[in-house]
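Here the structure comes first, spelled out in structure tokens, and everything after it is commentary.
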Amino acid sequence: MRFDVVTLFPEMLRDAACHGVTGRAIENHIVDLLLWNPREYTHDRHRTVDDRPYGGGPGMVMKVGPLRDAIRAARIDSPLPAKTVYLSPQGRVLDQAAVARFAASPRLILVAGRYEGIDERLIEAEIDEEWSIGDYVLSGGELAALVLFDAVVRLLPGVLGHAESAAQDSHVAGLLDCPHYTRPEEIDGRKIPEILQSGNHEAIRRWRLKQSLGRTWLKRPDLLAKVRLDAEQAGLLGEFQNELNT
Ligand SMILES: CN(C)c1ccccc1CNc1ccc(C(N)=O)cn1
């Protein structure tokens with residue numbers, strides 16, 4: 001899969017993506033990350049990338065020429081069909097389903113805005129989809145682009161090792177994760193749940209599923225409402241709820 005990111009701060013993307021799971025995916029050529037800086041498409045002495053807003057008011061807007069030329073340079077650089085995505089607070093809020101959909105596309109061109117954003121006519125002419133990583137305002141779209149990049153790359157075949165992808169499969173889609181424990185057995189007098197040392201792997205699987213269901217019910221009932229529970233899951237959630245009232 002190929003990612004092109006149009007950004008005034010390419011090193012932000014490069015330096016963040018090159019670590020861990022995403023860094024390995026790039027090294028193994030499972031994903032390509034190419035960066036396009038509008039500043040390389042300026043023609044004035046000061047390499048201007050911002051411009052004043054019509055209608056006045058505070059702040060600047062990304063200058064049309066360099067941004068448009070960078071987006072077009074990225075697009076023509078590969079024949080791979082691409083979706084062009086603009087990261088902004090005005091976009092549809094990202095969730096795992098949307099991430100999975102993006103992971104199915106051969107190429108994404110991500111446009112990271114700075115200043116107060118980009119000219120609306122460029123959104124109309126050059127952007128296919130506008131997405132947000134959440135209802136909060138950042139100084140630029142780069143962190144949003146990185147969030148999307150990381151979430152998508154993890155889903156690509158071959159990126160997560162066998163153990164990691166098995167771990168991912170063990171989660172019931174849409175539920176919160178169960179608690180995790182490792183050495184030492186006791187921390188400040190706090191011990192680990194005995195079941196985890198029982199060696200009874202079926203009982204451990206059920207315990208973990210019960211914890212995921214219970215925690216989702218307690219912390220994110222909105223997520224639970226979206227999940228169809230099978231008989232076992234419904235039973236385990238019931239047990240969790242009853243134990244709380246004891
Ligand atoms: C400067 N701003 C506000 C801006 C305005 C318009 C576009 C991009 C930006 C860059 N900032 C962003 C980008 C994305 C998100 C998000 N929630 O995905 C939050 N902030």
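Order of appearance sets the numbers: ligands from 1, and atoms from 1 within every ligand. Numbers for residues simply follow the sequence, beginning at 1.
Screening residues 181-191 for side chain to side chain donor-acceptor pair (under 3.5 Å) gives Glu185-Gln197 as the qualifying pairs, with residues at least two apart or on separate chains.
In this structure, CG in Leu213 is found 10.5 Å from SG in Cys178, a value given to the nearest 0.5 Å.
With sequence neighbours left out, Phe240 forms a ring-ring contact (aromatic ring centres under 6.0 Å, His included) with no residue at all.
One N or O on the side chain of Glu164 and one on the backbone of Gly161 form a donor-acceptor pair closer than 3.5 Å.
Grouping Ile, Leu, Val, Met, Phe, Trp and Tyr residues whose side-chain heavy atoms lie under 4.5 Å apart, directly or via other members, places Leu223 in a hydrophobic cluster with Leu176.
If you chain together hydrophobic residues whose side chains sit under 4.5 Å apart, Val61 and Leu87 never meet in one group.
Within 4.0 Å of ligand 1, the residues that place a heavy atom are Tyr86, Leu87, Ser88, Pro89, Gly113, Tyr115, Glu116, Gly117, Ser132, Ile133, Gly134, Tyr136, Val137, Leu138, Gly140, Gly141, Ala144, listed by chain and number.
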